[in-house]
There are 2 protein chains.
Amino acid sequence: MERYIRQQRYLIAVDSIIFGFDGEELKLLLIHRGFEPEKGNWSLMGGFVEPEESLEMAAARILKQLTGLSGVYMEQLHAFGNPNRDPVERTVSVVYYALIDIHQYEKQLSDSYHPEWFTLNKIPKLIFDHPQMVTIAKSKLRDKASVQPILFELLPRKFTLPVLQNLYEDVYGRKFDKRNFSRKVLSSGLLVKLKHKEKRRSKKGAFYYTLDKQKYKSQFNSFLNFTPFPSDL
Amino acid sequence: MERYIRQQRYLIAVDSIIFGFDGEELKLLLIHRGFEPEKGNWSLMGGFVEPEESLEMAAARILKQLTGLSGVYMEQLHAFGNPNRDPVERTVSVVYYALIDIHQYEKQLSDSYHPEWFTLNKIPKLIFDHPQMVTIAKSKLRDKASVQPILFELLPRKFTLPVLQNLYEDVYGRKFDKRNFSRKVLSSGLLVKLKHKEKRRSKKGAFYYTLDKQKYKSQFNSFLNFTPFPSDL
DNA sequence: TTATTAATTGTATAAATGACACTTTAAAAA
DNA sequence: TTTTTAAAGTGTCATTTATACAATTAATAA
């Protein structure tokens, strides 16, 4: 018994939705597609799954190719398999999303894909069903962030409360009261206040905080609800 | 340009995790695998994706084959693609889970797969990576049910509060206080109390309720938190 | 020295949650 | 017919959590 008979085989691709945050806005890393069809048009970073690698490995390889980063937060989002989603040949795409520290990325040398970061409300026209992938990723990020502290994956080791609040506000598309916000975040016990300040963003400067990595790991599955149902909407 | 060159192609399968609820316990519908390898062993219901169908269509087709049901709640869970998950040939499986009214199923004639319902803590040895699929499905169901009223998909049109509570207790693996439970469920406004009782389960009988389908649709995304973090654990 | 800008901090009210036990109903048993 | 039994149904209080809201502080710029 060598193969299953009378069955069609298809290409398997992996596409990666790479989120970054610059302190103000959530962003997506997009590339110019390098081959036909749609060569040169904006696209998610992707590639075909090699014979000996798992889906996760393929996603990690593709992320590394583009950003030079490995070991970052990455999770499967959804598999897309409409018969004609790729006009050349039937291809099932398994989409992953990654949350990276955008500053780590900036240290890397960009390569031949001419990647660019785009603010979420200024995403250019994307190929194939990539717009749908991005839409689903955004809502997944919101849902997940309301239950787990994953947004910290987007921040550098040291960050300030105002920056953290910017991040949550951008992800949820709404403003939070800063008194309530800091109370809630600090009550998790995940943050450690540092003794020095970040001074670039304001005259007064804002104290740095950093994650208590022990607690971060142990409490990863019991973060607070971030207003799944805001009263003012 | 006809095909992408120098790329390997793989089989794509869809496997379905079919949940049912008999009023007491959550159950899974399993079959005897019909072909080699592992022929006759317990397995999730699955099949290969046909050339002209989407993943969703394949999942719906497979569900219909086994249960005779269509139009039921179904959602993609995860894609599994480890290189050797199927010993015969590389196969990526996209797994869906379905929530069905087990009574609807019982009216169907069973067929050649010899399907059986299994209580979740008495799942037999399953083939390949199907155990992992089931594990992920269980936790997905819990997570989703804490945010959306999906568990009603498992109930018949008319149901009682004690039965509903049994369902939630089984999904979360804990007991709820019935006073607090009914208060919370009824406060959603999703339930309509009927004038007659179900009398089989107790002497006194319990009033039937039914879903307000209007509200069910409109409030689907704003159901109450079902104790993602119970205080007594 | 003063003005400016953003960071930091507290309280009062409302809503949701969790703990807890008796009454009611209707069938079954005596 | 009466009594027993088993599960359904219901209310209150205490605690926790969420929300609304504004004055003070720190540091730079004028």
Side-chain angles (χ1 to χ4, degrees), chain A residues 23-24 145-147 155 158-169 172 174-210 219 222-233, chain B residues 23-24 145-147 149 155 158-170 172 174-210 219 222-233:
Chain A
E24 293 292 338
S146 72
V147 171
L155 295 171
K158 299 188 300 181
F159 53 86
T160 66
L161 287 184
V163 161
L164 182 64
Q165 184 168 348
N166 284 344
L167 174 54
Y168 273 90
E169 288 181 341
Y172 288 101
R174 60 177 289 237
K175 296 290 180 183
F176 295 95
D177 180 273
K178 58 187 171 181
R179 289 161 292 192
N180 295 339
F181 181 84
S182 66
R183 173 155 42 93
K184 189 160 189 170
V185 168
L186 294 174
S187 76
S188 72
L190 256 46
L191 300 193
V192 180
K193 189 174 187 172
L194 302 182
K195 294 187 191 77
H196 52 297
K197 284 183 169 182
E198 117 86 297
K199 305 237 178 158
R200 245 174 289 193
R201 293 177 165 265
S202 71
K203 294 170 186 172
K204 182 175 177 180
F207 280 103
Y208 278 116
Y209 286 80
T210 193
Q219 296 182 24
S222 61
F223 197 55
L224 302 173
N225 279 357
F226 252 97
T227 66
F229 326 125
S231 64
D232 50 349
L233 292 186
Chain B
E24 293 292 337
S146 72
V147 171
L155 295 171
K158 299 187 303 182
F159 52 86
T160 66
L161 287 184
V163 162
L164 181 65
Q165 183 169 347
N166 284 344
L167 175 53
Y168 273 90
E169 288 180 342
D170 205 32
Y172 288 101
R174 60 178 290 237
K175 296 290 181 184
F176 295 96
D177 179 274
K178 59 184 173 182
R179 290 160 293 190
N180 296 339
F181 181 84
S182 67
R183 170 159 46 102
K184 189 158 190 171
V185 168
L186 294 175
S187 76
S188 71
L190 256 48
L191 300 193
V192 179
K193 188 174 188 173
L194 302 180
K195 294 188 192 75
H196 53 295
K197 284 183 168 181
E198 116 88 294
K199 306 238 178 158
R200 244 174 291 192
R201 293 177 165 266
S202 71
K203 294 171 185 171
K204 182 178 176 181
F207 279 103
Y208 278 115
Y209 286 80
T210 193
Q219 297 182 23
S222 60
F223 197 54
L224 302 173
N225 280 356
F226 251 97
T227 66
F229 325 125
S231 65
D232 49 348
L233 291 186

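A quick note: this is a predicted structure, and the numbers were derived from the prediction, not measured. Chain letters run A, B, ... following the sequence lines, proteins first and then strands; every chain starts at 1.
Shown here for Lys195(B) and Phe207(B), the closest heavy-atom pair between the two residues is O-CE2, 3.7 Å.
A donor N or O paired with an acceptor N or O is found under 3.5 Å between the base of dG18(C) and the side-chain atoms of Arg183(B).
What separates CG of Asn166(A) from C1' of dA7(C) is a distance of 13 Å, to the nearest Å. Distance Phe181(B) CZ to dT17(C) P: 13 Å, rounded to the nearest Å. In this structure, CZ of Arg201(A) is placed 17 Å from P of dT28(D), rounded to the nearest angstrom. Atoms CG (Asp177(A)) and C1' (dA23(D)) sit 14 Å apart, rounded to a whole Å. The CG-P distance, from Leu164(A) to dA6(C), rounds to 19 Å in whole Å. The CZ atom of Phe176(B) sits 9 Å away from the P atom of dG18(C) (whole-angstrom rounding). The CZ atom of Phe207(A) sits 9 Å away from the P atom of dA26(D) (whole-angstrom rounding). Here the P atom of nucleotide dT25(D) and the CG atom of Leu161(A) are 19 Å apart, to the nearest Å.
In this structure, the separation between CG on Leu161(B) and CG on Asn166(B) is 11.0 Å, given to the nearest 0.5 Å.
Counting only distance, with no hydrogens or angles, the side chain of Glu198(A) and the backbone of Phe159(A) share no donor-acceptor pair below 3.5 Å. At least one donor-acceptor pair under 3.5 Å links the side chain of Tyr172(A) to the backbone N or O of Ser146(A).
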Under 3.5 Å, which N/O atoms of the protein pair with N/O atoms of nucleotides 21-28 of chain C?
{"unit_1": "dT24(C)", "atom_1": "O2", "unit_2": "Lys204(B)", "atom_2": "NZ", "d": "2.9"}

Please step through side chain to side chain contact (heavy atoms under 4.5 Å, CB included) for the pair Tyr208(A) and Thr160(A), ending with a clear verdict.
-> CA-CA 5 Å; Tyr208(A) 278 116; Thr160(A) 66; 4.2 Å; yes
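For Phe181(B) and Tyr168(B), the distance between ring centers is under 6.0 angstrom.
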